J.: 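First, the structure itself, so that you have it in front of you.
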There are 2 protein chains.
Amino acid sequence: MSRRISDSTVRRLSHYLRALEELEGRHATTVSSDQLAARGGTTAAQVRKDLSHFGSFGKRGLGYSVAELAGRLRRILGVDRHWKVALVGAGRIGSALFEYPDFAARGFRLVAVLDRDPAKVGRVWGPVTISDISELERVVGERDIDLMILAVPGDAAQAIAERAVAAGARGLLNFAPTQLRVADDVPVTNVNLVMEMEALSFALTKDQTAS
Amino acid sequence: MSRRISDSTVRRLSHYLRALEELEGRHATTVSSDQLAARGGTTAAQVRKDLSHFGSFGKRGLGYSVAELAGRLRRILGVDRHWKVALVGAGRIGSALFEYPDFAARGFRLVAVLDRDPAKVGRVWGPVTISDISELERVVGERDIDLMILAVPGDAAQAIAERAVAAGARGLLNFAPTQLRVADDVPVTNVNLVMEMEALSFALTKDQTAS
DNA sequence: CTACATTTGTGAAGCTTTTCACAAGCTTTC
DNA sequence: GAAAGCTTGTGAAAAGCTTCACAAATGTAG
């Protein structure tokens with residue numbers, strides 16, 4: 001149980017959990033690795049290998065209990081609890097994220113929003129009032145923020161990341177096109193939309209060359 | 001030059017290109033694999049190996065010409081041209097993407113927006129008027145759409161993807177939490193924000209267990 | 001209770017990606 | 001023009017990930 005789990009495994013676990021929740025909605029009671037694989041776009045062997053890193057949850061000849069496996073995966077992924085999340089950057093992307101219903105559904109609670117634009121500070125977004133970026137340390141400390149979403153320009157991201165971590169944030173979701181450097185024990189995931197588009201562009205360009 | 005290029009390599013190429021563009025801004029003329037590695041969060045050997053799949057662009061003892069390598073990477077990634085992009089879903093995420101300045105900077109031109117909500121259809125977003133989703137085939141055909149961004153609910157995504165591909169879209173950027181099934185020659189990249197948050201949650205939860 | 005049909009869990013094999021290490025090549029210096 | 005100092009490009013080794021294949025376990029039918 002102590003070996004390092006690869007990123008791709010973690011992503012697949014998320015997929016499995018989503019599939020299981022759909023199955024729960026349909027009142028399915030058991031599911032085989034084969035069925036899970038089909039929904040997640042992978043193979044049965046991969047599903048079993050992924051799960052085997054955390055224990056053995058299935059019954060031979062029968063498959064997995066949907067409810068039990070979903071519960072186990074929630075625990076493994078850490079979404080059997082609430083996470084307090086702060087959002088930095090109340091621009092377009094920030095506001096889209098703020099209203100993103102799926103975050104709340106998985107226990108990610110956006111309890112603070114910060115921005116550097118004085119015109120935005122003080123505005124009320126639902127239950128939250130936008131704070132000035134200078135309040136970052138206070139907000140992170142007082143509201144006991146776990147995770148920080150950075151939806152700020154690239155040149156501001158590194159400085160904010162450092163302040164956030166120093167103030168107690170434990171993980172970062174970074175939308176800026178910058179490779180953040182933080183302590184090794186602070187997980188960072190990057191979402192880079194241009195990069196995703198470029199992946200498409202590359203795939204199509206390569207095809208052209210090949211033909 | 002014909003071997004399959006891994007996803008991770010493509011992503012790194014994007015990183016390198018961004019770093020090179022920054023260096024161009026500073027009027028740097030050459031850069032070593034070591035310097036590029038530092039900016040991209042990887043190693044010098046990895047940079048050289050990545051580039052070696054496409055030819056040899058450097059000069060031993062000196063490094064790479066910033067301008068030349070940037071040009072080569074733009075060509076390799078296919079961003080030395082314009083791509084016509086349509087956006088389906090004029091909700092929060094859609095509108096954030098529409099105004100995302102970095103897309104335009106890399107040649108991704110959002111030339112159409114579609115939505116199924118009659119209240120939104122006909123609205124004018126800058127140079128674009130929102131079309132009804134029923135117009136999808138006509139819009140894709142007439143405006144010669146290359147890439148389609150799907151910012152729609154999960155249950156609508158598969159059907160729209162199929163229509164888009166049938167109408168001529170060549171690649172898809174999918175924001176819905178659904179594994180799209182399309183022809184093998186249609187590249188799809190998925191952006192799943194909940195999954196990214198869960199990766200953080202997992203990393204932090206695992207740490208807790210370990211200690 | 002036995003035979004049969006499933007399906008898991010897992011070592012081993014196969015494949016891919018990353019890292020290593022060094023010869024080859026370019027530039028500069030003396 | 002030879003020597004020194006870098007830095008690339010690349011086989012080979014190492015590490016990591018996925019697929020295979022099958023024993024073991026469970027449920028079902030007769």
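Sequence lines set the chain letters: A, B, ... in the order given, protein chains first and strands last, and positions in each chain run from 1. Computation of the quantities below employed the complete heavy-atom set of this structure, encompassing side-chain atoms and omitting hydrogens, waters and symmetry-equivalent molecules. Computed from a prediction, not measured in an experiment: that's the story for all the values here.
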J.: Using a 4.0 Å cut-off to any heavy atom of chain B, which nucleotides of DNA chain D are the first and last in contact, reading 5' to 3'?
T.: D:dC6 to D:dA12
J.: Are any non-hydrogen side-chain atoms of B:Asp50 and B:Thr42 less than 4.5 angstrom apart?
T.: no
J.: So, taking the atom named CG in B:Leu150 and the one named OG1 in B:Thr178, what distance separates them when rounded to the nearest 0.5 Å?
T.: 9.5 Å
J.: For A:Leu69 and C:dG9, what is the distance between atoms CG and C1' respectively, to the nearest whole Å?
T.: 14 Å
J.: Enumerate, atom names and distances included, each donor-acceptor pair closer than 3.5 Å involving a side-chain atom of residues 62-73 of chain A, sequence neighbours excluded.
T.:
{"from": "A:Ser65", "atom 1": "OG", "to": "A:Glu68", "atom 2": "N", "distance (Å)": "3.0"}
{"from": "A:Glu68", "atom 1": "OE2", "to": "A:Arg72", "atom 2": "NE", "distance (Å)": "3.4"}

J.: Within residues 58-68 of chain B, find the residues that approach DNA chain D with a heavy atom at under 4.0 Å, and present them sorted by residue number.
T.: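 Hits under 4.0 Å, by residue number: B:Gly58, B:Lys59, B:Arg60, B:Gly61, B:Leu62, B:Gly63, B:Tyr64.
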J.: Between atom CD in B:Gln46 and atom P in C:dT16, what is the gap in whole Å?
T.: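 These atoms are roughly 16 Å apart.
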J.: To the nearest Å, how far apart are A:Leu51 CG and C:dT7 C1'?
T.: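 For the pair A:Leu51 CG and C:dT7 C1', the rounded distance is 13 Å.
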J.: Inspect the contact between A:Glu22 and A:Arg39 and indicate whether a charged nitrogen and a carboxylate oxygen are less than 4.0 angstrom apart.
T.: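 So A:Arg39 pairs with A:Glu22 through a salt bridge.
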J.: With sequence neighbours excluded, tell me which residues meet salt bridge (Lys or Arg N to Asp or Glu O under 4.0 Å) with A:Arg138.
T.: A:Glu135, A:Glu142
J.: Using heavy atoms to find the nearest nucleotide of DNA chain D for A:Lys49 and B:Ser33 separately, return the residue whose nucleotide is more 5′.
T.: B:Ser33
J.: Would you mind writing out the side-chain donor-acceptor pairs for residues 100-109 of chain A within the sub-3.5 Å range, not counting sequence neighbours?
T.:
{"from": "A:Arg106", "atom 1": "NH1", "to": "B:Glu198", "atom 2": "OE2", "distance (Å)": "2.2"}
{"from": "A:Arg106", "atom 1": "NH2", "to": "A:Glu21", "atom 2": "OE1", "distance (Å)": "2.6"}
{"from": "A:Arg109", "atom 1": "NE", "to": "A:His82", "atom 2": "ND1", "distance (Å)": "3.4"}
{"from": "A:Arg109", "atom 1": "NH2", "to": "A:His82", "atom 2": "NE2", "distance (Å)": "3.2"}

J.: Measure the spacing between CD1 of A:Ile93 and CD1 of B:Ile93 and express it to the nearest 0.5 Å.
T.: 9.5 Å
J.: Would B:Gln46 and B:Thr43 count as having a side-chain donor-acceptor pair, cut-off 3.5 Å?
T.: no
J.: Nearest-nucleotide wise, let me know which of A:Ala45 and A:Ser6 is further upstream toward the 5' end of DNA chain D.
T.: A:Ser6
J.: Do the side chains of B:Glu24 and B:Arg74 get close enough for a salt bridge, i.e. N-O under 4.0 angstrom?
T.: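 Yes.
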J.: So among B:Leu147, B:Leu110, B:Val140, B:Asp146, which one has a side-chain contact (heavy atoms from CB on, under 4.5 Å) with B:Lys84?
T.: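 Of all the options given, the one that passes is B:Asp146.
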J.: So, OP1 or OP2 of C:dT7: does either fall under 4.0 Å of a side-chain N or O from A:Ser32?
T.: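 No, no such contact exists.
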J.: Categorize A:Thr42 for me: base, sugar-phosphate, or nothing, with a 4.0 angstrom heavy-atom threshold over every strand shown.
T.: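 If one applies the 4.0 Å heavy-atom cut-off, A:Thr42 turns out to touch nothing in the nucleic acid.
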J.: Over how many whole Å does the gap from B:His53 atom NE2 to C:dT18 atom C1' extend?
T.: 11 Å
J.: Where along residues 9-31 of chain B does a heavy atom fall under 4.0 Å from DNA chain D?
T.: none
J.: What's the spacing between B:Asp34 CG and B:Arg48 CZ if we round to 0.5 Å?
T.: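 One gets 8.0 Å once the value is rounded to the nearest 0.5 Å.
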